[in-house]
Structure formats: structure tokens, C-alpha cells
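Dropping a structure here in C-alpha cells format, bear with me for questions.
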Amino acid sequence: MTETIAREIRALLKERNAILLAHNYQRPEIQDIADLTGDSLELSIKAAKTDADVIVFCGVHFMAETASIVSPDKTVLMPRRDTGCPMADMITPEALQARLAELGEMPVVTYVNSPASVKAHSTICCTSANAVAVVNSLAEDEILMTPDRNLCQYVASKTTKKIHCWAGYCPIHDRLSTGEVLNAKAVHPEALFIAHPECRPEVLALADAVLSTSGMLDFAKHSVHRSFIVGTEEGLIYPLQKANPNKSFYRASDAMVCEDMKRTTLEDVLRAIRTMTYEVKVADKVCRRASKAVERMLEVSGR
Ligand code: 13P
Ligand code: SF4
């Protein structure tokens, strides 16, 4: 059954000159059939470079919006309409303007996990992979960072700049506790603990490395260590294990499941490419302004 659907999807993708992108947290069967997988930064770069006419994005809404921002001439499809990001919903352009009115004008660094309308009001974007470099690339010494307070505090610990943090958070990463990490370490004393910067500061303080999802894949591949406790959404365990069959990966917690990331099924992908729905298109004015913030980030990342 799965193979038949996968074959149909591949045939339709070819027919429509379409490319299938999947975030590292997607279901295994979606990752297996995707042309490209990656973290938020990789996927936005790959989306910009592809010659395909159509991008089918398996991830959450802000990711498809970012693809539309960097590739305004391509058709961007999301297989489901109901895959949002609770953290991205914790900020609006109006609330951002109000905060800037309180603080005074200063550069705004916005994590890609945010609505396009907020990117359009930001100086520059960042991802978990390049946030420190992005902040350090700015001439100003005082910055407002949105919407993730945990990523913000992590960056603040790595720079001399004064950073004001927005109070948003990822409910999935924020729920990982030090108690759970210490338990996992007690059960697997030989394992390294790798954590995503969306985790709380006290959790990051226990980490051997703080990395984006693709940073974790790279780290595990090149490390001489053979076992790892993984402090991020559980979907990453699949590509980690697939790429490193002789190494062991343990969940830091069983509660780190992002329902939005898990919603998309192969059936949804087939329907999306068959019916060319649901299109994600960022309005021209927002797109032009948001694109400046994304392009500026890509320049810092040297891509
Ligand atoms: P990265 O894949 O960029 O590390 O992001 C994690 C995430 O939470 C995406 O929703
Ligand atoms: Fe948003 Fe967190 Fe889910 Fe990523 S894992 S999509 S940040 S809720």
C-alpha cells in the first residue's frame, strides 16, 4: 500500500516538475520519499535553489511561507492546512510594533519560526543553526530577538550584545525538564546529551552540544562517541538512526512530540500533488519586506 502511494507520488512529482521537501521531524515514510530533507535553514536554501516549478512542503506553515518568500515565482503547496507552529502564533506584527515603541528603535532578529508578517517587520531572520552569527553580524549592541525566549537566552549567553527576548517558546522543547535529562543520563551514563536551543537554559546547561536538527545529524555522524541522548522532537531519531546504524540514540523524554509535524501523511501528499492544493502564497508587499530579512540572513550564512 505504502509503496503504491509512494510510486504514485513520485510519478506525479515528475509530471508536474515538482520537488518534495521534508523537515527532519516528519514521519519516517515522508522523509523516505522526500527529494530533500533538512533543518529550517537548509530547507529555505534548498527551496531557493531548486529549478522545480512546484515545491511540496512537508513541515509546518511558516516553513512553506519561507519557501514562498524565497521562491515567489514557484507554486508552494502544503499537503495539509492545519499544520501550524504554536511558537510562531505567539507573536503578531502589531505586538512587535508595540514592544518596539516601549523599548525604542533597535534591530529585530526574528527566528524563522514566525509568521511572514512578523518577518516583514524584522531587520534580519535567523534559524537555530545561525542565530549567534546573525546577532554578531549586526553593528548595533542592543537587539530585540523574537519569538523564542529560549533561543534568545542561549544566544545572549554567547554574545556581548544586550538582547531583549520576546516571551514565546516551543511547547515541545520547553517541556523538557532537567529531571528527565538527569534520569536519561543515569540510565545511559556513556551517552552524550545533545540538545536543541529551543530547550530551556537549565536543560542546555546539561548538554554536551547545543545544535539545530541538522547540526545534530552532522555531530552524531562525525563523533567518536557511540551513543546519544537526543533533546529535540522525537522525529529526529529516525534519520539519526538511519544514518548511523551502529550508534544508539535515546529520547531525552517521551513527551517531545510535535503533533503539527506529525499530521502530514503520504495520502495527504498524494492528494496535494494530484489536486495542486493547498497553495501557500505570501502577499506581495509582505513578501518583498520579509524577503529582505531572509536574504540578509542567507548572506550571513554565506549561501
Ligand atoms: P531546526 O530544524 O531548524 O533545528 O528547527 C527545529 C524546529 O523546531 C522546527 O520547527
Ligand atoms: Fe513549532 Fe516546536 Fe513544532 Fe517546531 S517543534 S514546529 S517550533 S511547535
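What's counted below: heavy atoms across the whole structure, side chains too, no hydrogens, waters or symmetry copies. Just so you know, ligand 1 is whichever comes first in the structure, and atom 1 is the first atom listed for that ligand.
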query: Does any N/O atom on Ser40 come nearer than 3.5 Å to any N/O atom on ligand 1?
result: yes
- prompt: To which protein heavy atom is atom 7 (S) of ligand 2 closest, and what is the distance rounded to 0.1 Å?
  reply: Asn113 ND2, 3.3 Å
message: Within ligand 1, which atoms have a heavy atom of Asn113 less than 4.0 Å away?
response: 7 (C), 8 (O), 9 (C), 10 (O)
- prompt: Can you list the atoms of ligand 1 that are under 4.0 Å from a heavy atom of Met261?
  reply: 10 (O)
task: Measure the distance from atom 4 (O) of ligand 1 to every protein heavy atom, then report the residue, atom name and distance (to 0.1 Å) of the closest one.
output: His196 NE2, 2.7 Å
query: Has Ser128 got any heavy atom lying under 4.0 angstrom from an atom of ligand 1?
result: yes
- request: Any atoms of ligand 1 less than 4.0 Å from a non-hydrogen atom of Glu198? List them with their elements.
  value: 6 (C), 7 (C), 8 (O)
query: Do Thr232 and Tyr25 have side-chain atoms, one donor and one acceptor, less than 3.5 Å apart?
result: yes
- prompt: Can you tell me if the gamma sulfurs of Cys165 and Cys152 fall under 2.5 Å?
  reply: yes
message: Under a 3.5 Å cutoff, is there a donor and acceptor pairing between the side chains of His61 and Thr83?
response: no
Residue Ser212 vicinity, atoms of ligand 1 by number, heavy atom under 4.0 Å: 4 (O)
field: Metal site atom 3 (Fe) of ligand 2: N/O/S of Cys258 inside 2.8 Å
entry: yes
- prompt: Is atom 1 (Fe) of ligand 2 less than 2.8 Å from an N/O/S atom of Cys85, whether that atom is in the backbone or a side chain?
  reply: yes
- prompt: Which bit of Val60 gets closer than 4.0 Å to ligand 1, counting heavy atoms only: side chain, backbone, both or neither?
  reply: neither
query: Heavy atom of Asp260 under 4.0 Å from ligand 2?
result: no
- prompt: Any non-hydrogen atom of His23 lying under 4.0 Å from ligand 1?
  reply: yes
message: Give the atom numbers and elements of ligand 1 that come within less than 4.0 Å of a heavy atom of Asp39.
response: 1 (P), 2 (O), 3 (O)
task: Starting from atom 8 (S) of ligand 2, locate the nearest protein heavy atom and write down its residue, its atom name and how far away it is, to 0.1 Å.
output: Pro86 CD, 3.3 Å
task: Report, as yes or no, whether the 6.0 Å neighbourhood of atom CD on Glu202 holds more than 12 heavy atoms from other residues, nucleotides or ligands.
output: yes
Contact with ligand 1 for Asn24, non-hydrogen, under 4.0 angstrom: no
field: Tyr238-Asp32 side chain donor-acceptor pair, cut-off 3.5 Å
entry: yes
query: Which of the atoms in ligand 1, numbered in the order shown and given with their element, are less than 4.0 Å from a heavy-atom of Met63?
result: 9 (C), 10 (O)
message: Which of the numbered atoms in ligand 2 are under 4.0 angstrom from any heavy atom belonging to Ile172?
response: 8 (S)
